[in-house]
Amino acid sequence: MPELPEVEVVRRGLERWVAGRTVAAAEVLNPRAVRRNTGDLAAQLKGRTLASAERRGKYLWLPLLDGPAEEAGESLLAHLGMSGQLLVVDPTAPIEKHLRVRMGFADGGPELRFVDQRTFGHLLVAPMTAGRGRAVPEPVAHIAADPLEDAFDDAEFAVRLRLRRTGIKRALLDQSLISGVGNIYADEALWRARLHWARPTEALTRPKISELLAAVRAVMTEALGQGGTSFDSLYVNVNGESGYFDRSLAVYGRRDEPCRRCGTPVRREAFMNRSSYSCPKCQPRPRNARP
């Protein structure tokens with residue numbers, strides 16, 4: 001599933017190619033893509049202007065305006081799921097096999113298409129509401145600020161993290177605590193901070209939490225600079241291009257390969273019905289490990 005860097009790459013593409021344009025018509029080709037929407041999505045979008053492109057964690061949204069002097073009371077919210085793609089393409093381009101929703105614009109330029117092979121992603125029009133630090137679509141109100149947002153409070157995060165009394169990786173994946181971090185970047189940040197994924201949160205010192213946050217921000221910023229991580233053709237930016245941060249991964253997906261810091265073979269351990277990768281030497285398993 002795309003994590004913060006991949007979603008931010010898509011957001012930047014939408015900001016460049018879609019923001020400020022008015023929807024002339026929209027078409028839903030598969031109702032599953034709008035299964036969470038209330039009402040007729042095509043009718044809700046027609047004639048409205050996409051004001052900008054916003055993101056919190058793994059969620060994207062485009063505030064909807066009814067006129068130049070209006071304030072956005074609703075937004076088009078998108079979650080990419082495991083295989084969702086928001087593509088900006090020429091209106092005459094061939095229809096993609098897994099095209100779910102398409103939007104044409106009043107200026108006649110490139111259209112926006114939502115393509116989703118596995119149909120786990122979705123689009124919906126949602127009212128805006130007060131979120132943590134800024135206005136967000138109502139379904140996102142419970143999501144915590146992400147570490148690249150101005151609204152993220154390091155001190156508050158440290159307090160709430162220590163109160164979780166769980167393993168550090170499980171806490172990093174909790175989107176109500178810190179959003180945008182998934183399996184890949186959790187493993188990479190923990191490797192940089194020399195922390196085993198099962199280290200108890202209550203045992204972490206403030207300096208170590210600060211070091212971990214710095215590692216999270218660093219790895220995500222580097223991934224952004226390389227277009228995100230693409231292991232297959234399902235994650236692409238709005239122009240259909242893949243990211244290449246997978247070439248820079250230190251531990252994730254590198255079982256039995258040498259640690260890039262000490263040369264010890266990377267280990268893979270079962271974690272929450274998925275995998276967790278770490279270096280046995282740089283990230284020793286603590287005696288008081290939590291699941």
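Below, each value reflects all heavy atoms present in this structure, side chains not excepted, and no hydrogens, waters or symmetry copies.
In this structure, CG in Leu224 is found 8.5 Å from CD in Glu6, a value given to the nearest 0.5 Å. Summarising the geometry, atom CG belonging to Leu123 is positioned 8.5 Å from atom CG belonging to Leu77; distances are rounded to the nearest 0.5 Å. Summarising the geometry, atom NE2 belonging to His79 is positioned 9.0 Å from atom CG belonging to Leu60; distances are rounded to the nearest 0.5 Å. Annotation: the span from Arg56 atom CZ to Leu4 atom CG amounts to 11.5 Å, rounded to 0.5 Å. One finds the CZ atom of Arg48 at 11.5 Å from the OG1 atom of Thr22 (value rounded to the nearest 0.5 Å). Note that CG of Leu41 and CG of Leu124 are 8.5 Å apart. Values are rounded to the nearest 0.5 Å.
In this structure a side-chain-to-backbone donor-acceptor pair under 3.5 Å is missing from Asp154 to Glu156. Looking at Asp146, its side chain never comes within 3.5 Å of a backbone N or O of Gly180 through a donor-acceptor pair. At least one donor-acceptor pair under 3.5 Å links the side chain of Gln175 to the backbone N or O of Leu173. Side-chain atoms of Arg162 come within 3.5 Å of backbone atoms of Glu202 as a donor-acceptor pair (strictly under, hydrogens ignored). Remark: side-chain polar atoms of Thr129 are not paired, donor with acceptor, to backbone N or O of Pro137 under 3.5 angstrom. Side chain of Arg35 to backbone of Arg32: a donor-acceptor contact under 3.5 angstrom is found. With Arg21 contributing its side chain and Thr49 its backbone, the two residues share no donor-acceptor pair below 3.5 Å.
Relative to the six-membered ring of Phe114, Arg100 misses at least one condition, a distance below 6.0 Å or an angle of at most 45° to the axis. Relative to the ring axis of Trp197, Arg170 does not place its NZ or CZ within 45° and under 6.0 Å from the centre. Under a cutoff of 6.0 Å and an axis angle of 45°, Arg11 and Trp61 do not form a cation-pi pair.
Open room surrounds CZ on Arg165; 12 or fewer heavy atoms of other groups in view lie less than 6.0 Å from it. Few gaps surround NZ on Lys208; more than 12 heavy atoms of other groups in view lie less than 6.0 Å from it. More than 12 non-hydrogen atoms from other residues, nucleotides or ligands lie less than 6.0 angstrom from CG of Asn288.
Taking each heavy atom of Glu188 and Val219 in turn, the nearest pair found is CB-CG2, 3.7 Å. Closest approach of Ala145 and Phe152 over heavy atoms only: O-CD1, 3.4 Å. Across every non-hydrogen atom of Val266 and Ala250, the tightest pair is CG2-O, 4.3 Å. When every heavy atom of Thr38 is checked against every heavy atom of Gln44, the shortest pair comes out as O-NE2, 2.8 Å. Nearest heavy atoms, Arg290 versus Gly167: CB-N, 3.6 Å. Taking every heavy atom of both residues into account, Ile95 and Leu99 meet most closely at CG2-CD2, 3.6 Å.
Counting only heavy atoms from C-beta outward, the side chains of Pro110 and Val89 never approach each other to under 4.5 Å. In this structure, the side chains of Leu76 and Leu45 come closer than 4.5 Å at one or more pairs of heavy atoms. Arg102 places a side-chain heavy atom less than 4.5 Å from the side chain of Glu111. Contact annotation: the side chain of Thr201 approaches that of Arg164 to within less than 4.5 Å [non-hydrogen atoms, C-beta and beyond]. By the 4.5 Å heavy-atom criterion applied to side chains, Arg254 and Tyr277 are not counted as neighbours. The side-chain heavy atoms of Leu204 and Leu195, taken from C-beta on, include a pair separated by under 4.5 Å. Residues Thr221 and Leu148 meet the side-chain proximity criterion, which asks for heavy atoms closer than 4.5 Å. When side chains are defined from C-beta on, Cys259 does not count as touching Pro265, because their heavy atoms never get closer than 4.5 Å.
Applying the side chain to side chain donor-acceptor pair (under 3.5 Å) test between Ser278 and each of Arg194, His196, Gln283, Arg267 identifies Arg267 as the sole match.
The hydrophobic clustering, which links ILVMFWY residues whose side-chain heavy atoms are closer than 4.5 Å, places Tyr185 and Tyr252 together. Under the 4.5 Å side-chain heavy-atom criterion for grouping Ile, Leu, Val, Met, Phe, Trp and Tyr, Leu190 is connected to Phe157 within one hydrophobic cluster. Residues Val10 and Val136 are members of separate hydrophobic clusters, defined by side-chain heavy-atom contacts under 4.5 angstrom among Ile, Leu, Val, Met, Phe, Trp and Tyr. With hydrophobic clusters built from ILVMFWY side chains whose heavy atoms lie under 4.5 angstrom apart, Leu172 shares a cluster with Leu213. Cluster membership for Ile143 and Phe120, using ILVMFWY side-chain heavy atoms within less than 4.5 angstrom, is not shared.
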(request) Check the pair Phe105, Val18 against side chain to side chain contact (heavy atoms under 4.5 Å, CB included), reporting the backbone distance first and the verdict last. (result) CA-CA 9 Å; Phe105 295 93; Val18 175; 3.8 Å; yes
(message) Apply salt bridge (charged side-chain N to carboxylate O under 4.0 Å, His left out) to residues Arg55 and Glu149 and explain how you reach the verdict.
(response) CA-CA 9 Å; Arg55 180 194 54 75; Glu149 281 188 78; 5.8 Å; no
(message) For a side chain to side chain contact (heavy atoms under 4.5 Å, CB included) check, start with the C-alpha distance between Met128 and Glu74, then their side-chain angles and the critical distance, and finish with the verdict.
(response) CA-CA 5 Å; Met128 298 293 286; Glu74 292 184 319; 5.7 Å; no
(request) Could you walk me through whether Glu3 and Lys58 pass salt bridge (charged side-chain N to carboxylate O under 4.0 Å, His left out), step by step? (result) CA-CA 6 Å; Glu3 301 180 32; Lys58 304 173 188 179; 5.9 Å; no
(request) Applying side chain to side chain contact (heavy atoms under 4.5 Å, CB included), run through Arg134 and Asp150 and close with a yes or a no. (result) CA-CA 10 Å; Arg134 63 184 174 122; Asp150 291 339; over 6 Å; no
(request) I would like to know whether Arg285 and Glu269 meet salt bridge (charged side-chain N to carboxylate O under 4.0 Å, His left out); could you show each step before the answer? (result) CA-CA 11 Å; Arg285 186 180 181 89; Glu269 298 173 281; 3.5 Å; yes
(request) Apply side chain to side chain contact (heavy atoms under 4.5 Å, CB included) to Leu161 and Ile168, showing your working. (result) CA-CA 8 Å; Leu161 178 69; Ile168 181 58; 3.8 Å; yes
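Between the side chains of Ser248 and Glu222, no donor N or O sits under 3.5 Å from an acceptor N or O. Inspection of the Arg268 and Ser275 side chains reveals an N or O donor paired with an N or O acceptor under 3.5 Å. Neither side chain, Ser83 nor Gln85, offers a donor N or O lying under 3.5 Å from an acceptor on the other. In this model, a donor atom of one side chain and an acceptor atom of the other lie less than 3.5 Å apart for Ser276 and Lys169.
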